[in-house]
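Computed over heavy atoms, backbone and side chain alike; hydrogens, waters and symmetry mates excluded. When a ligand or atom number is given, it counts from 1 through the structure's own listing order.
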Amino acid sequence: MLTYLTAGESHGPQLTAIISGIPANLPLNEEQINHDLCRRQQGYGRGQRMQIETDQVSFQSGVRFGKTTGNPLTLVIKNKDWSNWRQEMSTLAADADQSRPVTHPRPGHADLAGCLKFNQRDARNILERSSARETAIRVAVGAVCKALLQHFTVKIFSYVISIGEHELGPEIRQQDDEQLALMAEESPFRVPDPQLEKKLKKVVDKAKQEGDSLGGCFRVVARGLPPGIGSHIQYENKLDGRLAQAVMSIQAIKGVEIGLGFEAARTPGSRVHDEIHYAQDRGFYHLSNNAGGIEGGISNGEDIIVTAAMKPIPTLYRPLQSVDLASKQSFQASVERSDTCAVPAAAVVGEAAVAIEIARLFLEKFGGDFIEETTAHYQKYIDHLRLF
Ligand code: EPS
């Protein structure tokens with residue numbers, strides 16, 4: 001069973017993850033993880049925090065001489081910004097008097113609901129953990145899972161589809177997803193379209209100038225997964241259900257679609273379902289992939305396609321109306337340093353969420369305490385598919 005837990009606050013000393021269940025002998029190094037951490041920090045429209053940080057992971061357990069040992073992995077990312085927040089984030093009761101509590105909850109943020117739930121009068125105790133800073137450590141966990149999946153030639157990639165109301169045209173969207181993701185890698189918006197990129201720069205600059213923020217949609221694709229990951233038997237083992245939960249749990253995500261998604265509801269069945277064919281060299285395959293690679297909660301051998309919608313970030317430099325937690329008087333919402341648009345970064349976090357869930361179900365199917373054992377189980381199953 002692959003499980004993980006993260007801890008850490010946006011302006012605390014560090015972010016930490018403990019991952020349990022990664023098989024022994026998987027080659028793993030910090031550079032692989034830092035590559036994704038760096039990708040998450042990119043993107044036009046991000047705030048000043050990303051200029052302060054250079055996120056780097058360090059392994060505190062579970063890796064020895066470039067390979068996993070089977071022991072729980074401890075991953076740590078230090079927050080450089082902590083040095084500016086030592087007083088405000090102090091663990092000592094004596095320092096409480098000096099603090100500046102956040103008492104004007106931001107509409108759209110966890111501030112108010114979190115304060116009510118945890119009986120807090122200072123929203124900092126909520127926002128420090130609900131902050132999207134947490135996604136840095138989730139990306140690190142995702143990079144470990146990507147390394148595992150790569151071992152079985154499963155690749156995970158992403159690109160941005162839209163920011164605000166501006167989106168990729170239908171001709172571009174028809175191109176191969178991996179090619180689009182490769183192009184997106186060169187773009188500060190992670191969009192595989194230089195024309196759209198120019199437009200987005202203006203749109204994000206305008207939003208920033210007006211103290212506003214922008215959301216958008218991104219797509220994550222997993223390629224190379226064999227049929228049979230996930231299960232139709234119980235709700236909690238359905239691959240689409242797991243992916244939806246994991247992607248929806250990313251800060252600011254409000255919608256998740258698999259394959260054709262909501263469009264399928266508007267289209268007759270004859271044009272939605274993917275016809276099944278067979279060829280000696282390929283085995284069973286589908287002529288189209290509207291199902292997004294999942295039928296009955298089980299991977300069907302086609303690309304897994306997940307699209308997510310991110311709302312605009314709730315911190316507005318021209319704040320919306322709110323209410324003071326103590327006086328109950330009307331006030332403008334607090335302004336915390338923030339991004340104008342973080343959709344490109346969210347796409348990288350989306351890759352991590354997808355990688356983690358696929359890796360979990362992959363290990364649930366193939367198991368193994370060491371990677372050679374997992375590989376043997378996997379190979380036996382691939383042979384079974386070939387002989388079917
Ligand atoms: C983020 C770090 C945060 C925010 C952002 C994402 O750092 P700080 O609060 O110090 O600027 O920039 O988080 C939010 C927008 C949010 O609403 O929580 C990061 O590392 O991605």
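Sequence neighbours left out, the pairs with a member in residues 100-142 that pass ring pair (Phe, Tyr, Trp, His ring centres under 6.0 Å) are His104-Phe331.
Salt-bridge check for Lys78 with Glu53: failed, with every basic side-chain N at 4.0 Å or more from each acidic carboxylate O. The pair Asp205-Lys202 fails the salt-bridge criterion, with no side-chain N (NZ, NE, NH1 or NH2) lying under 4.0 Å from an Asp/Glu carboxylate O. Between Glu210 and Arg318 there is no salt bridge, since no side-chain N of the basic residue sits under 4.0 Å from a carboxylate O of the acidic one. Under a 4.0 Å N-O distance rule, the pair Arg337/Asp81 qualifies as a salt bridge.
Using a 4.5 Å heavy-atom threshold, the side chains of Tyr44 and Thr340 count as separate.
Contacts between Arg49 and ligand 1, counted as non-hydrogen atom pairs separated by less than 4.0 Å, involve the side chain only. Counting heavy atoms closer than 4.0 Å to ligand 1, residue Gln251 contributes nothing at all.
Distances from atom 13 (O) of ligand 1 to the heavy atoms of Pro314, Ser213, Ser131, Ala252 show the closest one on Ser131. The option from Glu134, Arg337, Arg40, Arg129 that lies nearest to atom 20 (O) of ligand 1, judged by heavy atoms, is Arg40.
Inclusion of His109 in the set of residues having an N or O under 3.5 Å from an N or O of ligand 1 is warranted. By the 3.5 Å distance cut-off applied to N or O atoms, Ala132 is counted among the residues near ligand 1. For Thr315, no nitrogen or oxygen atom sits less than 3.5 Å from a nitrogen or oxygen atom of ligand 1, counting backbone and side chain alike. Residue-to-ligand polar distances place His11 within reach of ligand 1: an N/O pair is separated by less than 3.5 Å.
Remark: minimum distance from atom 15 (C) of ligand 1 to any protein heavy atom is reached at Ser338 OG, 3.2 Å. Regarding atom 5 (C) of ligand 1, its nearest protein heavy-atom neighbour is Asp339 OD2, 3.6 Å.
Ring centroids of Phe362 and Tyr378 are separated by less than 6.0 Å, placing the two rings close together.
If you number the atoms of ligand 1 from 1 as listed, the ones under 4.0 Å from a heavy atom of Arg46 come out as 6 (C), 19 (C), 21 (O).
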Run the numbers on Tyr285 and Tyr278 for ring pair (Phe, Tyr, Trp, His ring centres under 6.0 Å), then give the verdict.
-> CA-CA 6 Å; Tyr285 66 96; Tyr278 180 84; 8.3 Å; no
